[in-house]
Amino acid sequence: MSPKQDPARVRFAPSPTGFLHIGGARTALYDYLLARQSGGSFILRIEDTDQKRYQESAESDFKDALYWLGLVPDEGPDQGGSCSPYRQSLRKGIYQDHAEQLINNGNAFYCFCTPEQLNQVREDQMKRKETPHYDGTCRNLSHEQAAERIQAGESYVIRFKSPQSGKTIVRDLLRGEITVDNSNLDDMILIKSSGLAVYHLAAMVDDHLMGITHVIRGSEWLPTFPIHALIFRALGWQEPIWVHLSVFLKPDGKGKMSKRDTELAQEKGLPIFVKDMDKMGYLPESVINWIALMGWSFDDKTEFFTIDDLIEKFSLEKLNPSPAAINFSKLDHFNGLHIRNLSPEDFAARIKPWFENAGFIVEENKLLQIANAIQTRTKKLTEVVDMAGFFFKEDIDLVIDRIISDKLNATQAAEAAHKITQLFQNLEVIDLETAEQPLRDIAVDLEIKAGQLFGLLREILTGQKVSPPIFDIIPILGREKVLSRLENALGIFQNLSM
RNA sequence: GCCCCCAUCGUCUAGGGGACCAGGACAUAACCCUUUCAAGGUUAAGACCGGAGUUCGAAUCUCCGUGGGGGCACCA
């Protein structure tokens, strides 16, 4: 794509603790785009170092969601790769080796403080209105002392030995240099007492070992960003390009989507999780387009993007660091756009299962015609059954209350149905050309508005107030069904007028 | 409380010192088209958080406020 760019190796590294939501999907998308446009690799890595929060179902949900969106990894648990394994729980030894290395070069230390002690320290600090942080009890234990206590069977963790004075300067691609006072840095735990690494070590080691060139992650990592850079430096590694994406805010722009907000949004039927998008009638193309534009833009007018457009036009530099509120109605808009962008054949294929799930037998020859008739008026696939179910039904129910009113009584309706029937019976071909004017003449005859007559005919043929244009419907329905529905309606109207 | 980040229409955004009485999109309203509903077209309303600087000139640079967000776990 762009020859000046070196192949990027980027990873999407979710923690299997829940479903993939639009925030995660957007990160994965940017990863994917960067990989594709640079001829690099998109890697999926499962960060399952927290056995307590691990959810069996989460991993398959991530994969399903990613696949549905079309973001298929080049390397990962399923496809393997030169950096296997891609599941952190399987890389325990690797992290331990590196933690040891850090201890040996004086950048980490064994800590024997118990959780109870640490809690006490934290409480005291809070009482004194200090920022809770590790108090350094074990920081200066000698190798011998530490070895002895380990020998004695004491439980321990390994902590990073953060510098206590001076400043650390790190560089985020979107924000530039960020400077922090080292006195604010905590001695983060690297290896838990279980022997498993925590994110701070595991992710850094993996990112280096897997040759990750760009770390794209959420801005919730900004506070610990300096620690991460320091770990890279302590190991003598070259840092990747760091990119911290903005968070998504609630639709009103006030506050991040909390767990409760997420539940609330779900109750309201708002699309939060990728797994729900399909059954809510959204196209993966639309979801991609939508999330791509939340925090990124191409220029001042282009908004419609296919995945190929995005691969071509995406650039990290145009990412926006400020938090963004989610605009759900825009997804509907994009969905309409992408539906209309589909070829009629493609659209037909996508609506077919909806009709089948509604219990209709779908005739292929009709399907394409139906697709043509409804494509420009569907915004979500969920609507197609309501909109076009009448094509498949044997009989339709007329909503009399909607048809008969002070403007049109039953006698008039019956008369109209009768005249339309006669007209259609005499017509070899019923279409816009042959039937429109005669229908208008009938309206004049009956002293009703043409619109009224067409509305009546629409109700008779579809049982609906709104539908695709009548002359689009008739050839699909077929002469027989048209006439039988007219006959049926005529009977009902006559009954009513007696 | 402490640390870090962010700040243009209701929302997503363009803008990177003069091209801006600030452009686009969604949503809203009106009109046109029209056999309904869409689609399409036209139009309306709607924003540079505040204050100091720097400069001939600031939405754009600096500082201070304010507001919003994130973080402060043997979670990621």
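Just so it is clear, the model here is predicted, and its values are computed rather than measured.
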Self-check item: Check: A:Gln437/A:Asp441 side-chain N/O donor and acceptor closer than 3.5 Å
Solution: yes
Exercise. Give me the one residue out of A:Leu283, A:Asn372, A:Leu367, A:Leu381 that meets side-chain contact (heavy atoms from CB on, under 4.5 Å) with A:Phe347.
Key: A:Leu381
Quiz item: With a 4.0 Å cut-off on heavy atoms, is A:Ile178 in touch with a base, just the backbone sugar-phosphate, or nothing at all?
Solution: sugar-phosphate
Quiz item: Of the candidate nucleotides B:A76, B:G23, B:U35, which contains the atom at the shortest distance from the side chain of A:Asp300?
Solution: B:G23
Quiz item: A:Glu47 has a side chain; which of B:C74, B:U35, B:A76 sits nearest to it?
Solution: B:A76
Quiz item: Are A:Glu459 and A:Lys465 close enough for a salt bridge, meaning some N to O gap below 4.0 Å?
Solution: no
Self-check item: Counter-base of B:U54, judged by Watson-Crick or G-U geometry with both distances under 3.5 Å
Solution: none
Exercise. Side chain of A:Ser329 only, please: which of B:U36, B:C26, B:C74 is the nearest?
Key: B:C26
Quiz item: Base, sugar-phosphate, or nothing: which does A:Ser322 touch, judged by heavy atoms less than 4.0 Å apart?
Solution: sugar-phosphate
Exercise. Between A:Asp472 and A:Glu303, name the one whose nearest nucleotide on RNA chain B is closer to the 5' end.
Key: A:Glu303
Self-check item: Inter-nucleotide C1' distance (B:U13, B:A47), Å rounded
Solution: 12 Å
Quiz prompt | P spacing across the pair B:A22 / B:U60, given as an integer number of angstrom | solution = 16 Å
Quiz item: Would you say A:Arg340 reaches B:G40's phosphate, i.e. side-chain N/O to OP1/OP2 under 4.0 Å?
Solution: yes
Practice problem: Would you indicate what A:Ser219 reaches in the nucleic acid, counting non-hydrogen atoms under 4.0 angstrom: base, sugar-phosphate, or nothing? | Solution: sugar-phosphate
Exercise. Scan A:Val198 against the nucleic acid and name what it touches under 4.0 Å (heavy atoms): base, sugar-phosphate only, or nothing.
Key: sugar-phosphate
Quiz item: NA contact type, A:Phe225, heavy-atom cut-off 4.0 Å: base, sugar-phosphate, or nothing?
Solution: nothing
Quiz item: Paired with B:C37 by Watson-Crick or G-U wobble geometry, both distances under 3.5 Å: which nucleotide is it?
Solution: none
Quiz prompt | Pi-cation contact, A:Tyr134 with A:Arg159 (under 6.0 Å, within 45°) | solution = yes
Quiz prompt | Whole-angstrom distance between B:G23 and B:G70, as gauged at atom P | solution = 32 Å
Exercise. Report which part of the nucleic acid A:Trp221 touches: base, sugar-phosphate, or nothing (heavy-atom distance under 4.0 Å, all strands).
Key: base
Quiz prompt | Proximal nucleotide (of B:A76, B:C4, B:U35) relative to the A:Phe454 side chain | solution = B:U35
Quiz item: What's the closest nucleotide to the A:Val466 side chain, out of B:C37, B:U13, B:C26?
Solution: B:C37
Quiz item: Over how many whole Å does the gap from A:Trp296 atom CH2 to B:G15 atom C1' extend?
Solution: 16 Å
Quiz item: What nucleotide among B:C37, B:G71, B:A73 has an atom nearest to a side-chain atom of A:Arg377?
Solution: B:C37
Quiz item: Between the side chains of A:His244 and A:Arg175, does any donor sit under 3.5 Å from an acceptor?
Solution: no
Quiz item: With both distances under 3.5 Å as the test, what is the Watson-Crick or G-U wobble partner of B:A47?
Solution: none
Quiz item: Within the pair A:Lys318 and B:G15, is there a side-chain N or O less than 4.0 Å away from OP1 or OP2?
Solution: yes
Exercise. Round to a whole Å and report the spacing from CH2 of A:Trp242 to P of B:C4.
Key: 19 Å
Quiz prompt | Phosphate contact (B:C75 OP1 or OP2) by A:Lys52 side-chain N/O below 4.0 Å | solution = yes
Quiz prompt | Polar side-chain contact A:Ser193-B:C74 base: donor and acceptor under 3.5 Å | solution = yes
Quiz item: Between the base of B:A25 and the side chain of A:Lys330, is there a donor-acceptor distance below 3.5 Å?
Solution: yes
Quiz item: If you look at every strand shown and take non-hydrogen atoms under 4.0 Å, does A:Glu436 touch a base, only sugar-phosphate, or nothing?
Solution: sugar-phosphate
Quiz item: A:Ser15 near the nucleic acid: base, sugar-phosphate alone, or nothing, with a heavy-atom cut-off under 4.0 Å?
Solution: sugar-phosphate
Exercise. Classify the nucleic acid contact of A:Asn320 as base, sugar-phosphate or nothing, counting any heavy atom under 4.0 Å across all strands shown.
Key: sugar-phosphate
Quiz item: Just checking A:Pro468: base, sugar-phosphate only, or nothing, at a heavy-atom cut-off of under 4.0 Å?
Solution: base
Practice problem: Indicate, with a heavy-atom threshold strictly under 4.0 Å, whether A:Arg175 touches base, sugar-phosphate, or nothing. | Solution: sugar-phosphate
Practice problem: Decide, yes or no, whether a salt bridge links A:Asp299 with A:Lys318 under the criterion of side-chain N to carboxylate O below 4.0 Å. | Solution: no
Exercise. Provide the distance between the two P atoms, one in B:C61 and one in B:A73, to the nearest whole Å.
Key: 35 Å
Quiz prompt | Same-atom distance (C1') from B:U54 to B:G18, integer angstrom | solution = 16 Å
Quiz item: When the P atoms of B:C4 and B:C21 are considered, how many whole Å apart are they?
Solution: 38 Å
Practice problem: Mind checking A:Gly295 for me? I need base, sugar-phosphate or nothing, with any heavy atom below 4.0 Å counting as a touch. | Solution: sugar-phosphate
Quiz prompt | Paired nucleotide for B:A19 [Watson-Crick or G-U wobble; both distances under 3.5 Å] | solution = none
Quiz prompt | Pairwise 5' ranking along RNA chain B for A:Thr179 and A:Phe334, keeping only the more 5' one | solution = A:Thr179
Quiz item: Does a salt bridge link A:Asp187 with A:Lys161, judged by any charged N lying under 4.0 Å from a carboxylate O?
Solution: no
Quiz prompt | Any-strand Watson-Crick or G-U partner of B:C2, both distances under 3.5 Å | solution = B:G71
Quiz item: Contact class for A:Ile470 (heavy atom, under 4.0 Å): base, sugar-phosphate, or nothing?
Solution: base
Quiz prompt | Phosphate OP1/OP2 of B:G10: any A:Asn327 side-chain N/O under 4.0 Å | solution = no
Practice problem: Before accepting this row, confirm whether a basic side-chain N of the pair A:Glu47/A:Arg91 lies closer than 4.0 Å to the acidic partner's carboxylate O. | Solution: no
Quiz item: Out of B:U35, B:C12, B:A39, which nucleotide sits closest to the side chain of A:Lys379?
Solution: B:A39
Quiz prompt | Euclidean distance, atom CG of residue A:Asn182 to atom C1' of B:C4 [Å, nearest integer] | solution = 14 Å
Quiz item: B:U66 and B:C49: how far apart are their C1' atoms, nearest whole angstrom?
Solution: 7 Å
Quiz item: Is any side-chain N of the basic residue among A:Asp332 and A:Lys379 closer than 4.0 Å to the acidic one's carboxylate O?
Solution: no
Exercise. Tell me whether the OP1 or OP2 atom of B:A76 has a side-chain N or O from A:Lys192 closer than 4.0 Å.
Key: yes
Quiz item: Which nucleotide sits closest to the side chain of A:Arg122: B:C74, B:C75, B:U35?
Solution: B:C74
Quiz item: Just to confirm, is there a sub-4.0 Å distance from OP1 or OP2 of B:U35 to any side-chain nitrogen or oxygen of A:Arg440?
Solution: yes
Quiz item: Atom CD1 of A:Ile326 to atom C1' of B:G69: distance rounded to whole Å?
Solution: 14 Å
Exercise. Go through B:A76, B:U35, B:U13 for me and flag the one nearest to the A:Pro469 side chain.
Key: B:U35
Quiz item: When we call it a touch if two heavy atoms are under 4.0 Å apart, what does A:Ala450 touch: a base, just sugar-phosphate, or nothing?
Solution: nothing
Quiz item: When you check the side-chain N and O atoms of A:Gln164 and A:Asn182, is any donor under 3.5 Å from an acceptor?
Solution: no
Quiz prompt | Pairing partner (Watson-Crick or G-U wobble, both distances under 3.5 angstrom) of B:G10 | solution = B:C26
Quiz prompt | Pairwise C1' distance for B:A25 and B:C75, with rounding to whole Å | solution = 38 Å
Quiz prompt | Residue A:Val157, side-chain heavy atoms: nucleotide from B:C4, B:C74, B:G69 that is nearest | solution = B:C74
Quiz item: Quick one: is A:Thr49 getting a side-chain N or O under 4.0 Å of the B:A76 phosphate, OP1 or OP2?
Solution: yes
